[in-house]
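For reference, the structure discussed in these notes is given below.
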Amino acid sequence: MPKICIDADGCPVVPESIQVAKELELEVIVFCDTAHLIQIDGVQTVIVSKGADAVDFALVNQIQKGDITITQDYGLAAMVLAKGGFAINQNGLQYTSENIDQLLYARHFNQKVRQAGGRTKGPKKRTKEMNGRFIEKFRSLCLSILENKAGGIY
């Protein structure tokens with residue numbers, strides 16, 4: 001069975017993710033640093049020291065082929081994909097081998113703009129509709145993986 005790994009530092013859909021995972025009887029591991037101590041009954045939490053990408057590396061070290069990661073971080077998503085995992089963001093966008101290079105390039109480009117003193121648009125204010133869309137896309141991804149696993153694809 002695939003497990004769900006949540007990059008919980010700054011993730012706005014932790015409760016929604018856990019709700020769907022519990023409905024589908026999937027294991028959940030929440031990863032956070034010491035600045036975001038998250039403890040949820042029935043969910044394993046991995047707490048790492050604060051540091052650049054510390055949570056990302058702890059999470060990617062746990063990923064196995066077919067596992068699902070919820071993250072906003074394109075770099076982490078790329079590492080998950082490289083290990084044969086699946087990755088989805090808080091808005092329901094599934095990261096794939098077809099879109100990850102473009103996303104990484106856009107992140108790099110925006111970083112260069114900001115370093116040069118320019119401004120880039122930030123994320124939109126989170127709405128209930130966004131959470132609903134995430135739940136729908138996340139549930140669909142989980143069900144698809146479970147169906148393919150049962151069919152012997154993984």
Side-chain angles (χ1 to χ4, degrees), residues 1-33 35-48 53 55-111 120-154:
M1 294 291 280
K3 66 181 173 288
I4 310 300
C5 295
I6 303 173
D7 178 7
D9 291 346
C11 180
V13 291
V14 172
E16 292 83 357
S17 304
I18 293 169
Q19 172 193 340
V20 171
K22 284 185 177 182
E23 289 170 13
L24 300 174
E25 299 179 0
L26 297 173
E27 176 187 4
V28 177
I29 305 173
V30 173
F31 293 81
C32 61
D33 66 26
H36 300 94
L37 296 176
I38 298 172
Q39 294 291 320
I40 302 166
D41 288 339
V43 174
Q44 179 184 350
T45 301
V46 174
I47 301 168
V48 299
D53 301 321
V55 169
D56 298 351
F57 292 124
L59 190 152
V60 83
N61 284 331
Q62 293 287 318
I63 289 294
Q64 296 177 356
K65 184 176 182 179
D67 288 345
I68 304 167
T69 297
I70 301 165
T71 185
Q72 301 176 55
D73 185 319
Y74 300 156
L76 175 57
M79 290 188 285
V80 167
L81 293 174
K83 289 192 78 173
F86 298 88
I88 188 170
N89 77 4
Q90 74 281 1
N91 296 321
L93 171 68
Q94 184 178 345
Y95 302 105
T96 66
S97 57
E98 288 79 30
N99 68 12
I100 195 66
D101 287 340
Q102 177 62 33
L103 293 167
L104 288 167
Y105 175 77
R107 179 182 76 169
H108 174 74
F109 179 79
N110 287 333
Q111 218 170 22
T120 57
K121 289 176 74 172
K124 294 180 181 178
K125 183 174 169 70
R126 190 116 191 117
T127 66
K128 288 182 182 180
E129 291 79 19
M130 290 171 153
N131 289 349
R133 188 170 45 252
F134 166 78
I135 290 169
E136 177 185 321
K137 298 284 188 176
F138 178 55
R139 182 179 285 119
S140 177
L141 174 61
C142 291
L143 290 172
S144 173
I145 292 167
L146 290 170
E147 288 170 12
N148 287 331
K149 191 166 184 82
I153 293 175
Y154 293 107

With sequence neighbours left out, what residues match [X] under side chain to side chain contact (heavy atoms under 4.5 Å, CB included)?
| X | answer |
| --- | --- |
| E27 | K3, I29, Q44 |
| E25 | none |
| D33 | D9, A35, H36, V48, K50, V55 |
| A8 | I6, V14, V30, C32, I38 |

Minimum-distance pair of heavy atoms, taken over all atoms of [X] and [Y]:
| X | Y | answer |
| --- | --- | --- |
| A78 | I100 | CB-CG1, 3.9 Å |
| L24 | M1 | O-CE, 4.5 Å |
| P2 | G66 | CB-O, 3.1 Å |

Side chains of V46 and Q62, heavy atoms from C-beta outward: is any pair under 4.5 Å? no
Among V20, I68, V43, side chain to side chain contact (heavy atoms under 4.5 Å, CB included) partner for V28: V43
For the atom pair [atom1] ([X]) and [atom2] ([Y]), what is the distance rounded to the nearest 0.5 Å?
| X | Y | atom1 | atom2 | value |
| --- | --- | --- | --- | --- |
| T69 | M79 | OG1 | CE | 10.0 Å |
| I145 | I4 | CD1 | CD1 | 7.0 Å |
| L26 | I18 | CG | CD1 | 12.5 Å |
| F86 | K65 | CZ | NZ | 8.5 Å |
| Y74 | N99 | OH | CG | 9.0 Å |
| I88 | C142 | CD1 | SG | 8.0 Å |

With sequence neighbours excluded, tell me which residues meet side-chain hydrogen bond (donor to acceptor under 3.5 Å, both in side chains) with [X].
| X | result |
| --- | --- |
| E16 | N131 |
| R133 | none |
| S97 | none |
| Q39 | none |

Taking it one step at a time, do T71 and Y95 satisfy side-chain contact (heavy atoms from CB on, under 4.5 Å)? CA-CA 10 Å; T71 185; Y95 302 105; 4.2 Å; yes
With sequence neighbours left out, write down each residue that passes salt bridge (charged side-chain N to carboxylate O under 4.0 Å, His left out) with E23, or none if nothing qualifies. R139
Just jot down the ring-ring contact (aromatic ring centres under 6.0 Å, His included) partners of F31, sequence neighbours excluded, or say none. none
Would you sort out whether D7 and Q72 count as a side-chain contact (heavy atoms from CB on, under 4.5 Å), showing the intermediate values? CA-CA 8 Å; D7 178 7; Q72 301 176 55; over 6 Å; no
Considering only residues two or more places apart or on different chains, which pairs with a residue in residues 77-92 satisfy side chain to side chain donor-acceptor pair (under 3.5 Å)? N91-R126
